[in-house]
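To keep things clear, I will list the structure first and then write my remarks on it.
Throughout, a chain's letter reflects where its sequence line sits, starting with A, and its residues are numbered from 1.
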Amino acid sequence: MLDINFIRENRDTVITGMKDKGEKETEVVDKVLEADQRWRTLVTKVDQLRSESNEKSKEIGILMSQGKKEEARKLINETTGYKADIKEAEKETEAAKNERDELLLKIPNVPHESVPVGFSEEGNQVFGSWGEPNQKDGLKPHWELADENDWIDFERGAKVTGAGFPFYIGPLARLQRALINFFIDEALAEGYIEIQSPYFVNEDSARGTGQIPDKEDMMYVIPRDGFFTIPTAEVPVTNFHRDEIFSMDQLPVKYVAYTPCWRREAGSYGKDVRGLNRLHQFDKVELVKIVRPSDSYEELENLRSYAESLLQKLELPYRTLLMCTGDMGFTQSKKYDLEVWSPGQKRWLEVSSCSNFTDFQARRMMLRFKNDQKKIEILHTLNGSGLALPRVVAALLETYQQADGEVAVPEKLQPYMGREVL
RNA sequence: GGAGAGAUGGCUGAGUGGUCGAAAGCGCUCCCCUGCUAAGGGAGUAUACCCUUAACAGGGUAUCGAGGGUUCGAAUCCCUCUCUCUCCGCCA
């Protein structure tokens, strides 16, 4: 959610930002401003009425305590009319506020000036790359390797739950556990605090990080209890500090959290969803930062390069994309995607997405801090995957497959696996 | 799942219809005093929003778990919900 005062003062910037993100209905900006103006006028009116009414009530109180019943009664009769007036004005105010807030939720975060303008994948810029993508023919895709060795069971997963809910068996189950531990240990060495979160969240939390109303359909719902299964640890972990005010010495806050993630992925199909490329349940180690506004873009670069370092340590070639305005999310101001090379499929697979949300999430969550002048300010939030497991596993299997049919274990993972081949 | 108790400011804790955004204590900040330390004295110390102001600041409204109701007036009375604690049951 953007600051209404920011919109008032930067109407054109907001509209340009919306257009750059591919949002057509930019007239909401003026509608918001209109509703806000109406609300302000009404608030002033309500406050005025309440003030008068309070004044009279206070007088009545004084008269009563002095035993002047008759005068008090007279005043009570005069005051009765306020009730209806206030109620009426409150109703209008509430309506205007709701209208304003609903419209406000439809306005996306403004892209940072360093973000390239573009409206599709083509607009993304290759920010950097590492390693040499293996273009050799004849390398097997991970699903073949997994199938030949009975490492992943998609069919039984489909029987037990549904498509996109695979079982991992034997060495592959262990490989996932090794990756989780490896990722968490690396983050701890970088000063992140490990945190374990609930896997279900309530509606307020989903709203806080912006899954509602923008991306409601991505989440599984548990209607009886009003819960959503988390699509990413970002949701519970960022909401952890909802409604809190930090002091300067508590910042920045850095968390690393491993959780499963559930995504409905409605509308996905084709070769994109083959094997481990796209699942309804997957494991991810997530990094969340809560930082001072002045530091957030620098922190984004740190986050990006940290995520990159993980792929380097696993010796998996990758490239980093700076996402263009149109391919970034509703809530982000700047975003990098890390894509690992999949030699068996000869394509890039997204394994991490590092984003700066500036104050967009924090405002809705009332996530604030007291600055040097003891003034309250909204914080900035960031997050990034460090990393998402399935595609790392896919790239790893395909990259480390050997002529003899075995799959080697990357050196850094060997202590976690206790062996050199899977 | 059954029975009971409770929810007040950073913390502890008073307050059962009127000048209560809320006593007191603790903590914290600033000042004074004291050659260090300890003790003492004074002032201050929630959040959101609206209005006025270039700004400093000032005025107003709301908030005592949440929402609704009664009343001229609610922390205080009524209803609903949530959460916490104790006991019983069940259980990884």
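For the pair A:M64 and A:Q48, nearest-nucleotide mapping onto RNA chain B gives the more 5' position to A:M64.
Cation-pi check for A:R156 over A:F167 is not met; the charged atom does not lie both under 6.0 angstrom from the ring centroid and within 45 degrees of its normal.
The side chain to side chain donor-acceptor pair (under 3.5 Å) test with A:Q361 is passed by exactly one of A:E234, A:R242, A:H380: A:E234.
A:P116 has its side chain within reach of A:L322: a pair of non-hydrogen atoms, C-beta onward, lies under 4.5 Å apart. Residues A:Y220 and A:H280 have side chains in contact (heavy-atom distance under 4.5 Å, counting atoms from C-beta outward).
Taking the charged nitrogens against the carboxylate oxygens, A:K140 and A:E148 do have a contact shorter than 4.0 Å, which makes a salt bridge. The existence of a salt bridge linking A:D327 and A:K335 is excluded, since no basic side-chain nitrogen approaches an acidic carboxylate oxygen closer than 4.0 Å. Salt-bridge check for A:E90 with A:R50: passed, with a basic side-chain N closer than 4.0 Å to an acidic carboxylate O.
Applying the 4.0 Å criterion to OP1 and OP2 of B:G60, one finds that A:R50 has every side-chain N and O outside that range. The phosphate of B:U47 has OP1 or OP2 within less than 4.0 Å of a side-chain N or O from A:K370.
The pairing partner recorded for B:U16 is none, the criterion being a Watson-Crick or G-U wobble arrangement whose two distances lie under 3.5 angstrom. Of the nucleotides present, none pairs with B:G89 by Watson-Crick or G-U wobble criteria with both distances under 3.5 Å. Across all strands shown, B:U70 has no partner, as no Watson-Crick or G-U wobble contact with both distances under 3.5 Å is found. Within the shown strands, B:A7 is the pairing partner of B:U82 under the Watson-Crick or G-U definition, both distances less than 3.5 Å. Across all strands shown, B:A46 forms a Watson-Crick or G-U wobble pair, both distances under 3.5 Å, with B:U63. Pairing for B:G21 is absent, with no Watson-Crick or G-U wobble pair whose two atom distances lie under 3.5 Å.
In the set B:C51, B:C56, B:A48, the nucleotide with an atom closest to the side chain of A:K375 is B:C56. Distances were taken from every side-chain heavy atom of A:I245 (C-beta onward) to each of B:C51, B:G18, B:U47; the shortest belongs to B:U47.
Between the side chain of A:S333 and the main chain of A:V110, no donor-acceptor pair closer than 3.5 Å is present.
Across all strands shown, A:L75 has no heavy atoms under 4.0 Å from either base or sugar-phosphate atoms. Note on A:T44: only backbone sugar-phosphate atoms sit closer than 4.0 angstrom, heavy atoms only; bases stay farther off.
One atom, CD of A:E71, and another, P of B:G18, lie 20 Å apart when rounded to the nearest Å.
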Polar atoms only, N or O, under 3.5 Å: list the protein pairs with nucleotides 73-77 of chain B and their distances.
from  : atom 1 : to    : atom 2 : distance (Å)
B:G73 : O4'    : A:S57 : OG     : 3.2

Which atoms of nucleotides 63-68 of chain B (N or O only) lie under 3.5 Å from a protein N or O atom, and what are those distances?
none

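Classified by interplanar angle (parallel below 30°, tilted 30° to 60°, perpendicular above 60°), the ring pair A:Y416/A:F182 is perpendicular.
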